[in-house]
S.K.: 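Below you will find the structure I want to go over with you.
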Amino acid sequence: MIKRILGIIIPLMVCATLVGQDYVMFQTSILKLRAGQNASLQAGVKKHNNKYHNGKDGPKAYVWYINTGPNSGNYSWAVGPTKFSDMDQSLPDDHVKDWERNVSPYADESEVIYMVRDEELTYNPKNETVGENILMKRYQIKDGPGHLAAVKEAVGSITKVLRKTNAKIARRVYFNRFPNEGQADLMLVYPFKNWSSFEGSGGLGLPKGFINDYEKMNGEGSMQKNVGKVLEEHTYGRTHEVMTMVK
């Protein structure tokens, strides 16, 4: 396990509702599978997580299979909620060796991102932090003045409608704390229960009938004007990743 994840098991006594923590952050990475190692990787990651990231003495770790997008067929590994101060602590040798023994032989770790949640833009009615099945929309935001502000306004306009209608779904908004060329800057996370929720037309991840609700509040054609065109103008490199948790 590389040094970028040093200290994530320092005891924090973090609870599911994040009492005492002033921000929500996940450290995520892609585990790029080596050919024919699916079963071995799943078993190895679960063994490592159960021993060192079980949530008893620090943040939990989770692993999802990526079903769609450029990383489909690989895995997403995440630790959190965690804090930057955790990174100032060193991992015990046995922790590092366990990763090298149970995970490294089967996959290469890459694309480490620190995802920090924007609470103002997030709609999270049940105060949850982790979803067993999630749709993650990733966007790269263009450089230069005005782009980030425009994107936040567009994303926030959706949040307002979700709150106004007391929507049953959650939509969590994260930003990359250390943006890099080729990595996503904005991540929209939609938990879902069943794949059937993607049937029909409308915005992926959003409730059925959401566009109608949005345009009742903002005017006919406003969804495309306020969201679609804004994201088209101010972002690039959009991907949709449907992930299912490995238990």
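If you read the sequence from its start, that first residue is 1, and numbering goes on from there. Just so it is clear, the values below take in all heavy atoms, side chains as well, and ignore hydrogens, waters and symmetry mates.
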S.K.: Could you go through K83 and D22, starting from their C-alpha distance and side-chain angles, then the distance that decides it, and tell me whether this counts as side-chain contact (heavy atoms from CB on, under 4.5 Å)?
M.R.: CA-CA 9 Å; K83 300 186 75 172; D22 56 358; 4.0 Å; yes
S.K.: Between CH2 of W99 and NE2 of H48, what distance do you get to the nearest 0.5 Å?
M.R.: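 It is 5.5 Å, given to the nearest 0.5 Å.
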S.K.: Please check this pair: side chain of R171 against backbone of V155, looking for a donor-acceptor N/O pair closer than 3.5 Å.
M.R.: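 Present.
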S.K.: Any side-chain heavy-atom pair from Y139 and V151 closer than 4.5 angstrom?
M.R.: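 No - every pair of side-chain heavy atoms lies 4.5 Å or more apart.
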S.K.: Would you call M223 and L206 a side-chain contact if the rule is heavy atoms closer than 4.5 Å?
M.R.: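 Yes, close enough: below the 4.5 Å cut-off.
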S.K.: Just by distance, do the side chain of D185 and the backbone of I141 share a donor-acceptor pair under 3.5 Å?
M.R.: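 Yes, D185 side chain to I141 backbone: donor-acceptor pair under 3.5 Å.
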S.K.: Does the distance from a Lys or Arg side-chain N to an Asp or Glu carboxylate O, for E120 and K152, drop under 4.0 Å?
M.R.: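 No salt bridge links E120 with K152.
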S.K.: Can you measure from CG (L91) to CG (D86) and round to the nearest 0.5 angstrom?
M.R.: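 If we round to the nearest 0.5 Å, L91:CG and D86:CG are 10.5 Å apart.
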S.K.: With the 4.5 Å side-chain cut-off for hydrophobic clustering, are L188 and V230 part of the same group?
M.R.: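 No, L188 does not connect to V230 through the hydrophobic network.
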S.K.: Compare every heavy atom of A184 with every heavy atom of N176, then report the nearest pair and how far apart it is.
M.R.: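 So the minimum-distance heavy-atom pair works out to ND2-O, 3.0 Å.
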S.K.: Checking K160 side chain against M217 main chain: does a donor-acceptor pair fall under 3.5 Å?
M.R.: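 Absent.
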S.K.: Which heavy atom of A61 sits nearest a heavy atom of N49, and at what distance?
M.R.: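 In this case the closest contact between A61 and N49 is CB-OD1, 3.4 Å.
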S.K.: Compute whether any side-chain donor of one residue and acceptor of the other, for Y52 and D94, lie under 3.5 angstrom apart.
M.R.: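 Distance-only check passes for Y52 and D94.
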S.K.: Let's go through I158 and V227 carefully: what are the C-alpha distance in whole Å and the side-chain angles of both, what is the deciding distance for side-chain contact (heavy atoms from CB on, under 4.5 Å) to 0.1 Å, and is it a yes or a no?
M.R.: CA-CA 8 Å; I158 291 177; V227 181; 4.0 Å; yes
S.K.: Output yes when a side-chain donor or acceptor of H147 lies under 3.5 Å from a complementary backbone atom of D143, and no otherwise.
M.R.: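 Side chain of H147 to backbone of D143, a donor-acceptor pair under 3.5 Å: yes, one is there.
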S.K.: Return yes if some donor-acceptor pair links the side-chain N/O of N67 with the main-chain N/O of V242 below 3.5 Å, else return no.
M.R.: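 Yes, the answer is positive, given that a donor and an acceptor are paired below the 3.5 Å cut-off.
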S.K.: Would you name the heavy atoms of R172 and G131 that are closest together and state the gap between them?
M.R.: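 Closest pair (atom of R172, atom of G131, distance): NH1-N, 3.9 Å.
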S.K.: When Y114 is tested against each of F26, F178, Y174 for side-chain contact (heavy atoms from CB on, under 4.5 Å), which residue passes?
M.R.: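 Running side-chain contact (heavy atoms from CB on, under 4.5 Å) over F26, F178, Y174 with Y114 returns exactly one hit, F178.
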S.K.: Are there over 12 heavy-atom neighbours, none belonging to E153, within less than 6.0 Å of that residue's CD?
M.R.: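 Counting other residues, nucleotides and ligands, CD of E153 stays at 12 neighbours or fewer.
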S.K.: Any side-chain donor-acceptor pair under 3.5 Å between Q42 and Y75?
M.R.: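 Y75 and Q42 do have a side-chain donor-acceptor pair below 3.5 Å.
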S.K.: Are any of the side-chain heavy atoms of N226 and Y214 separated by less than 4.5 Å?
M.R.: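 Touching, per the 4.5 Å side-chain cut-off.
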S.K.: Can you tell if the side chain of N166 reaches within under 4.5 Å of the side chain of P125, non-hydrogen atoms only?
M.R.: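 Result no, sub-4.5 Å side-chain heavy-atom pair not found.
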S.K.: Atom CG in L31, atom CG in L41: separation rounded to 0.5 Å?
M.R.: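 So the CG of L31 and the CG of L41 are separated by 6.0 Å.
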S.K.: With rounding to the nearest 0.5 angstrom, report the NZ to CG distance, K56 to N50.
M.R.: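 Reported value, rounded in 0.5 Å steps: 9.5 Å.
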S.K.: Would T82 and Q27 count as having a side-chain donor-acceptor pair, cut-off 3.5 Å?
M.R.: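 Q27 and T82 do not have a side-chain donor-acceptor pair below 3.5 Å.
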S.K.: Are any of the side-chain heavy atoms of F175 and V116 separated by less than 4.5 Å?
M.R.: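 Side chain of F175 against side chain of V116, heavy atoms only: no contact under 4.5 Å found.
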S.K.: Side-chain contact test, heavy atoms from C-beta onward, threshold under 4.5 Å: evaluate it for I66 versus I30 and give yes or no.
M.R.: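 With C-beta onward as the side chain, the pair touches.
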S.K.: Please answer whether the main-chain N or O of G69 pairs with a side-chain N or O of T239 as donor and acceptor at a distance below 3.5 Å.
M.R.: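 Flag not set: sc T239 to bb G69 has no pair under 3.5 Å.
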S.K.: I'd like to check M243 versus Y62 (side-chain heavy atoms, cut-off strictly below 4.5 Å). Are they in contact?
M.R.: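 No, their side chains stay 4.5 Å or more apart.
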S.K.: Would a distance-only check, ignoring hydrogens and angles, find a side-chain to backbone donor-acceptor pair under 3.5 Å from T122 to V173?
M.R.: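 Judged by distance alone, yes, a pair lies under 3.5 Å.
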S.K.: Are the aromatic ring centres of F198 and F192 under 6.0 angstrom apart?
M.R.: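 Between F198 and F192, the centre distance is under 6.0 Å.
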S.K.: Evaluate the side-chain contact (heavy atoms from CB on, under 4.5 Å) criterion for residues T129 and R117: first the C-alpha distance (whole Å), next the side-chain angles of each, then the deciding distance (0.1 Å), finally the verdict.
M.R.: CA-CA 10 Å; T129 55; R117 197 163 83 186; 4.3 Å; yes
S.K.: Might you point out which heavy atoms bring R138 and E241 nearest each other, and give the distance in Å?
M.R.: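 That would be NE-OE1, 2.8 Å.
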S.K.: Do I169 and L204 sit in one hydrophobic cluster, given that two such residues count as connected whenever their side-chain heavy atoms are within less than 4.5 Å of each other, even indirectly?
M.R.: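 Yes, I169 connects to L204 through the hydrophobic network.
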S.K.: What class does the angle between the rings of H95 and H53 fall in, given that below 30° is parallel, 30 to 60° is tilted and above 60° is perpendicular?
M.R.: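 Aromatic pair H95/H53 classed perpendicular.
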S.K.: Could you check whether N133 and W195, counting side-chain N and O atoms only, form a donor-acceptor pair closer than 3.5 Å?
M.R.: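 Per modelled atom types, W195 and N133 side chains form no pair under 3.5 Å.
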S.K.: Can you tell me how far NZ of K137 sits from CG of L186, rounded to the nearest 0.5 angstrom?
M.R.: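 Separation between the atoms: 10.5 Å.
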S.K.: Search all heavy atoms of A78 against all heavy atoms of W64 and return the closest pair with its distance.
M.R.: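 Looks like CB-CZ3, 3.6 Å.
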S.K.: Identify the two heavy atoms, one from S29 and one from E109, that lie closest to each other, and give their separation to 0.1 Å.
M.R.: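 Of all heavy-atom pairs spanning S29 and E109, the closest is OG-OE2, 2.8 Å.
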S.K.: Is there a donor-acceptor contact under 3.5 Å from the side chain of R34 to the main chain of D108?
M.R.: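 Looks like no, no N/O pair under 3.5 Å.
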S.K.: Got a sec: does the CZ of R163 have more than 12 other heavy atoms crowding it under 6.0 Å?
M.R.: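 Check passes, neighbour count above 12.
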S.K.: Show, in sequence, the C-alpha distance, side-chain angles and deciding distance for I113 and Q183, and conclude whether the side-chain contact (heavy atoms from CB on, under 4.5 Å) test is met.
M.R.: CA-CA 8 Å; I113 293 179; Q183 284 188 337; 3.8 Å; yes
S.K.: Would you say K51 and N102 make side-chain contact, with heavy atoms under 4.5 Å?
M.R.: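 They are not in side-chain contact.
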S.K.: Looking at N74, is its backbone amide N or carbonyl O close enough to the side chain of K32 to form a donor-acceptor pair, meaning the two atoms are under 3.5 Å apart?
M.R.: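 The answer is no, because no donor-acceptor pair under 3.5 Å joins these two groups.
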S.K.: Hey, are D98 and R101 close enough for a salt bridge, meaning a charged N less than 4.0 Å from a carboxylate O?
M.R.: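 Looking at D98 and R101, the cut-off is met.
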S.K.: Grouping I, L, V, M, F, W and Y whenever their side-chain heavy atoms are under 4.5 Å apart, do M245 and I134 come out in a common cluster?
M.R.: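 Per the 4.5 Å side-chain linkage, M245 and I134 are co-clustered.
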S.K.: Between the side chain of T159 and the main-chain N/O of L121, is any donor-acceptor distance below 3.5 Å?
M.R.: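 Yes; at least one donor-acceptor contact below 3.5 Å.
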S.K.: Can you tell me how far the OG atom of S72 sits from the OH atom of Y65, to the nearest 0.5 Å?
M.R.: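 One finds 7.0 Å between OG of S72 and OH of Y65.
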